[in-house]
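Letters A, B, ... mirror the listed sequences (proteins, then strands); counts begin at 1.
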Protein chains: 2
Amino acid sequence: MTPPRADAIRNRARILEAAEQVLVEHGTTVSTEEIAKAAGVGIGTLFRHFPTKEELIRGVFEARLQRLAADATRLATDGDPATALATFLRQAVEQSEVKNALTSMLASAGVDVRDLTGEPQRALREALATLLRKAQQSGAARQDLEVPELIGLLAGTSKALEYAGDAASRSRILAVVLAGLRAG
Amino acid sequence: MTPPRADAIRNRARILEAAEQVLVEHGTTVSTEEIAKAAGVGIGTLFRHFPTKEELIRGVFEARLQRLAADATRLATDGDPATALATFLRQAVEQSEVKNALTSMLASAGVDVRDLTGEPQRALREALATLLRKAQQSGAARQDLEVPELIGLLAGTSKALEYAGDAASRSRILAVVLAGLRAG
DNA sequence: GCAAAATAGAAGTCATCACTCCGCTTGTCA
DNA sequence: TGACAAGCGGAGTGATGACTTCTATTTTGC
């Protein structure tokens with residue numbers, strides 16, 4: 001129960017950071033050794049922090065969710081209710097430029113993305129609920145929408161953007177989704 | 001150049017069919033042996049028809065694209081121009097009930113989904129182009145849309161639906177996308 | 001400064017999996 | 001109906017990669 005040493009904390013963070021980059025770039029098939037190397041860390045260390053590859057992947061995923069939840073919360077409190085939801089979606093989807101492969105990453109690791117029992121998932125759901133409610137109250141989002149749809153659309157839009165060739169195409173896809181959210 | 005034996009043709013079809021089902025259900029990580037078993041075929045046979053796992057996966061994918069292209073073409077000629085595009089999207093996306101994991105399947109196999117050089121891809125693009133043009137002419141789709149966006153939205157919507165818990169949620173997601181396609 | 005905690009990373013274990021090889025079976029065509 | 005090539009099944013092979021273990025070394029906290 002004693003708090004971990006400073007270098008342990010540092011290494012854990014470095015592993016997560018490197019893992020995200022490598023996994024997103026090369027997919028879940030990359031070896032743990034590769035990830036350890038990218039993090040500048042021995043294999044033993046990696047496995048002490050994350051006893052299985054799956055837990056490492058889940059760690060990366062949950063870190064991402066936490067960042068999303070933080071963004072959503074910030075926008076929900078600071079932003080204009082009428083535009084906050086759209087801004088969030090835009091931000092979230094642009095976040096990892098090269099590849100938003102995080103969900104398919106998880107899926108191919110055999111993790112069920114819809115398993116929303118964890119704490120980061122709960123936090124994101126809650127933040128999205130607030131964002132959505134405010135948008136609906138100010139007429140910026142269709143009334144029948146609920147949080148699960150929002151999450152789905154988030155993942156889906158991110159997927160859709162992978163197919164966009166240029167910036168114009170990207171912005172058109174985004175425009176379609178945003179218009180759809182509004183209509184109703 | 002002699003035509004293949006009857007049993008060979010039959011087996012090839014059975015492999016493709018079983019592979020689609022197993023791959024969609026369990027992801028690309030399933031072993032080829034599992035696929036062979038599902039097809040009721042020996043491993044040797046599987047590998048004679050598809051010399052590598054990647055070629056098998058690509059085969060499944062292209063078969064799917066061909067079916068999509070056929071559907072699109074049929075709707076483009078037979079259907080009401082104003083509703084054909086929406087109908088197509090609805091159909092395409094509902095096709096594989098459990099999981100429309102085909103694209104992430106390919107992606108995790110290291111195949112670039114956006115590589116549109118193959119014949120089935122070309123056929124689909126062409127059919128979609130017709131569908132889109134007719135929809136735009138009858139005011140059922142925003143004018144600025146182009147085919148790549150449509151393909152992206154197809155994949156994205158399919159992804160989004162994976163998150164929908166129940167039928168109501170599914171239909172709301174679909175409604176968002178369809179409204180977005182129209183708006184403009 | 002020292003004990004405890006943590007690390008690097010080499011070497012090894014074990015399971016898995018894509019793919020090969022080859023003896024047997026079956027479709028085809030005379 | 002018989003011969004024979006095309007096709008088949010499935011045991012076997014080699015590579016890979018997740019995870020363990022261990023020793024010598026470094027880092028941290030008090």
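- The base of C/dT28 has none of its N or O atoms less than 3.5 Å from a complementary donor or acceptor on the side chain of B/R5.
- Rounding to the nearest 0.5 Å places CZ of A/R133 at 13.5 Å from CD of A/E146.
- At a threshold of 4.0 angstrom between heavy atoms, the contacts of B/R10 with the nucleic acid are absent.
- Surrounding CD of B/E17 are at most 12 heavy atoms belonging to other residues, nucleotides or ligands under 6.0 Å away.
- Remark: the backbone N or O of B/V22 is not paired with any side-chain donor or acceptor of B/E25 at under 3.5 angstrom.
- An OP1 or OP2 oxygen of C/dA6 is reached within less than 4.0 angstrom by no side-chain nitrogen or oxygen of A/H49.
- One interatomic measurement links the two molecules: CZ of A/F47 to C1' of D/dC19, which rounds to 5 Å at whole-angstrom precision.
- Distances from the side chain of A/S31 to the nucleotides C/dT7, D/dG9, D/dG17 place D/dG17 closest.
- Rounded to whole Å, atom C1' of C/dC17 lies 17 Å from atom NE2 of B/H26.
- Per the geometry, NZ belonging to A/K53 stands 15 Å off C1' belonging to C/dA15, to the nearest Å.
- Here C/dA8 is the nucleotide among D/dG9, D/dC19, C/dA8 with the atom lying nearest to any side-chain atom of A/V41.
- Across all strands, B/T52 comes closer than 4.0 Å only to sugar-phosphate atoms, never to a base (heavy-atom distances).
- DNA chain C is contacted by both A/R14 and B/T32; A/R14 maps to the nucleotide lying nearer its 5′ end (nearest heavy atom per residue).
- Counted within 6.0 Å of CD on A/Q66, heavy atoms from surrounding residues, nucleotides or ligands total more than 12; the atom is thus considered enclosed.
- When the local axes at the two ends of the helix from C/dG1-D/dC30 to C/dA30-D/dT1 are compared, using 5 base pairs at each end, they differ in direction by 30° after rounding to 10°.
- If you take CZ of B/F50 and P of D/dC8, they are 12 Å apart, rounded to a whole angstrom.
- Under 4.0 angstrom from either OP1 or OP2 of C/dA6 there lies no side-chain N or O belonging to A/N11.
- Of the candidates A/D78, A/D71, A/T77, A/D71 is the only one forming a side chain to side chain donor-acceptor pair (under 3.5 Å) with A/R74.
- For B/D7, the side-chain atoms get nearest to C/dG27 when compared with the rest of C/dG27, C/dT7, D/dA11.
- No donor-acceptor distance shorter than 3.5 angstrom exists from the side chain of B/T45 to the backbone of B/V41, with no hydrogens or angles considered.
- Computed from coordinates, the B/E54 CD to C/dA18 P distance equals 13 Å when rounded to whole Å.
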